Structures are given as structure tokens and as C-alpha cells.
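Remember, predicted model here, so these are calculated numbers, not experimental data. Side-chain atoms are counted along with the backbone in the values below, which use heavy atoms only and exclude waters and symmetry mates.
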Amino acid sequence: MIPMRSKYRNVWESFLCEEYVICISNDILTEYLEILTQKVNHTFAVRIINVLLKSNNVKFYDPHYHFALITQDPDDNKFVDCAIVASADFLVSEDKHFNVLKGITFPKVNVITLDQFQENLVRGR
């Protein structure tokens with residue numbers, strides 16, 4: 001979503017304008033850095049992480065309880081646990097492993113796609 005020509009550029013710009021809050025943990029931040037470094041050079045990846053670290057609309061959480069709701073890819077649980085602890089309105093993901101959450105009523109985690117999130121941002125303006 002960061003490149004100027006990205007279909008989701010407005011999602012990044014909305015973040016920079018503090019139109020929504022991102023909830024993250026140290027584990028999530030570490031994964032963001034890992035994934036970004038695979039896609040861009042390390043220096044640029046660190047710059048993006050620094051933007052997150054300095055943003056007023058990033059809230060840090062340290063989940064102490066691990067719900068283990070996703071069994072197909074247990075590494076994804078860090079996002080679920082953070083969303084639960086943060087009482088997030090929803091978790092944005094394109095990862096199909098999160099579909100299992102649709103059938104879990106407690107703790108309830110609403111998962112939406114990036115397209116749905118983008119639609120919500122546009123409607124909210």
C-alpha cells in the first residue's frame with residue numbers, strides 16, 4: 001500500500017493522517033520488519049517501522065494470554081491475540097488462515113479484507 005501507484009495507497013495516506021488506529025505488539029512489529037525487508041531494502045523497511053513507532057495512531061499491546069485460535073498457521077495467532085487484547089473493531093487480513101475465526105463466537109474477532117477496509121475508509125470520509 002505504500003508505493004504511489006498502489007491500489008491501496010489511500011489506506012497508507014489515511015494512516016498518515018491518523019484516520020484509524022493500528023494495534024500492534026512487539027511480535028507483530030518484528031514480523032512487519034521481516035516481511036518489509038523481503039519486499040524492499042532493509043533501510044527503507046526500517047524507515048517504515050520508524051514511522052509506525054513514532055505515530056500517534058499506533059497502539060502497542062503485550063498479550064499475555066494466547067488463545068491459539070488458528071491451528072493451520074500458529075504464527076498468525078500473534079495478530080489474533082493482539083486484536084483481542086486491544087478490543088479491535090476488526091483485523092484486516094488477506095490470509096485465508098483467519099477464516100477459521102468466522103466460526104468462533106468467543107472471543108469474537110471480526111476479520112475483513114483490505115478491500116473491505118478501504119471501502120470503510122472511503123465511506124467514512
Side-chain angles (χ1 to χ4, degrees):
M1 74 179 70
I2 296 171
M4 292 298 288
R5 296 180 189 193
S6 171
K7 171 183 174 182
Y8 302 107
R9 177 63 187 200
N10 69 315
V11 174
W12 178 248
E13 290 172 355
S14 294
F15 167 74
L16 295 175
C17 292
E18 300 183 1
E19 294 179 18
Y20 60 91
V21 173
I22 296 178
C23 303
I24 61 176
S25 65
N26 285 330
D27 288 341
I28 291 171
L29 194 64
T30 301
E31 182 159 332
Y32 283 176
L33 180 60
E34 178 185 321
I35 298 301
L36 283 166
T37 302
Q38 293 171 8
K39 302 200 178 282
V40 297
N41 69 54
H42 182 74
T43 302
F44 189 68
V46 169
R47 286 182 183 165
I48 294 168
I49 294 300
N50 283 332
V51 168
L52 293 174
L53 290 171
K54 294 176 182 176
S55 295
N56 292 325
N57 53 324
V58 172
K59 304 297 179 204
F60 280 87
Y61 293 88
D62 185 19
H64 293 287
Y65 186 81
H66 304 286
F67 292 88
L69 299 178
I70 298 177
T71 56
Q72 285 185 319
D73 187 357
D75 196 45
D76 288 338
N77 282 307
K78 70 171 91 30
F79 299 98
V80 178
D81 295 339
C82 187
I84 293 168
V85 169
S87 297
D89 293 333
F90 38 77
L91 190 152
V92 181
S93 180
E94 299 292 325
D95 189 330
K96 301 296 182 212
H97 295 134
F98 290 90
N99 287 342
V100 70
L101 300 175
K102 293 176 184 173
I104 298 173
T105 57
F106 182 82
K108 186 64 180 163
V109 179
N110 295 313
V111 179
I112 63 172
T113 65
L114 189 51
D115 283 328
Q116 291 169 317
F117 184 67
Q118 185 176 47
E119 288 172 22
N120 286 345
L121 284 174
V122 171
R123 265 189 264 132
R125 289 187 180 157

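L53 and V21 fall into different hydrophobic clusters, defined by Ile, Leu, Val, Met, Phe, Trp and Tyr side-chain heavy atoms under 4.5 Å apart, directly or through other members. Note on I35 and V58: separate hydrophobic clusters, where clusters join Ile, Leu, Val, Met, Phe, Trp and Tyr whose side-chain heavy atoms are under 4.5 Å apart, directly or indirectly. Note on V109: it clusters hydrophobically with Y65, by side-chain heavy-atom contacts below 4.5 Å among ILVMFWY residues. Both W12 and V40 are part of a single hydrophobic cluster, where members link through side-chain heavy atoms under 4.5 Å apart. Both I22 and I28 are assigned to one and the same hydrophobic cluster, defined by single-linkage of ILVMFWY side chains at heavy-atom distances under 4.5 Å.
If you take CZ on F90 and OG1 on T113, they are separated by 10.5 Å, rounding to the nearest 0.5 Å. Remark: L29 CG to L52 CG distance equals 6.5 Å, nearest 0.5 Å. Taking CD of E119 as the reference point, atom CD1 of I112 lies at 9.0 Å (rounded to 0.5 Å). Summarising the geometry, atom CD belonging to E31 is positioned 4.0 Å from atom CZ belonging to F79; distances are rounded to the nearest 0.5 Å. Note that the CD1 atom of I24 and the NZ atom of K59 stand 11.5 Å from one another [nearest 0.5 Å]. Note: M1 CE to Q118 CD = 9.0 Å, rounded to the nearest 0.5 Å.
A donor-acceptor pair under 3.5 Å is absent between the side-chain atoms of D81 and the main chain of H66, judged by distance alone. In this structure, the side chain of Y20 engages the main chain of V11 through a donor-acceptor pair within 3.5 Å. One N or O on the side chain of N57 and one on the backbone of F15 form a donor-acceptor pair closer than 3.5 Å. Looking only at distances, a side-chain donor or acceptor of E94 sits under 3.5 Å from a matching main-chain atom of L114.
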Quiz item: Step by step, would you call T30 with L33 a side chain to side chain contact (heavy atoms under 4.5 Å, CB included)?
Solution: CA-CA 5 Å; T30 301; L33 180 60; 5.9 Å; no

Quiz prompt | Audit row: E18, N56, side chain to side chain contact (heavy atoms under 4.5 Å, CB included) steps and yes/no | solution = CA-CA 7 Å; E18 300 183 1; N56 292 325; 3.5 Å; yes

Exercise. Evaluate side chain to side chain contact (heavy atoms under 4.5 Å, CB included) for F98 paired with I70, printing each intermediate quantity in order.
Key: CA-CA 7 Å; F98 290 90; I70 298 177; 3.5 Å; yes

Quiz item: Between I84 and L69, does a side chain to side chain contact (heavy atoms under 4.5 Å, CB included) hold up when you go through it step by step?
Solution: CA-CA 11 Å; I84 293 168; L69 299 178; 4.2 Å; yes

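When all heavy atoms of D95 and S93 are compared, the closest pair comes out as N-OG, 2.9 Å. Across L91 and A83, no two heavy atoms sit closer than the pair CD1-CB, 4.0 Å. Nearest heavy atoms, A86 versus C23: CB-SG, 3.6 Å.
Within a 6.0 Å sphere centred on CZ of R47, other residues, nucleotides and ligands contribute 12 heavy atoms or fewer. The local environment of NZ in K108 is crowded, with over 12 non-hydrogen atoms from other residues, nucleotides or ligands closer than 6.0 Å.
Taking 4.5 Å as the limit, some side-chain heavy atom of V51 sits within range of a side-chain heavy atom of L16.
Ring pair Y8/F117: centre-to-centre distance not below 6.0 Å.
Tested against H97 for a side-chain contact (heavy atoms from CB on, under 4.5 Å), the candidates D75, T71, D73 yield a single pass: D73.
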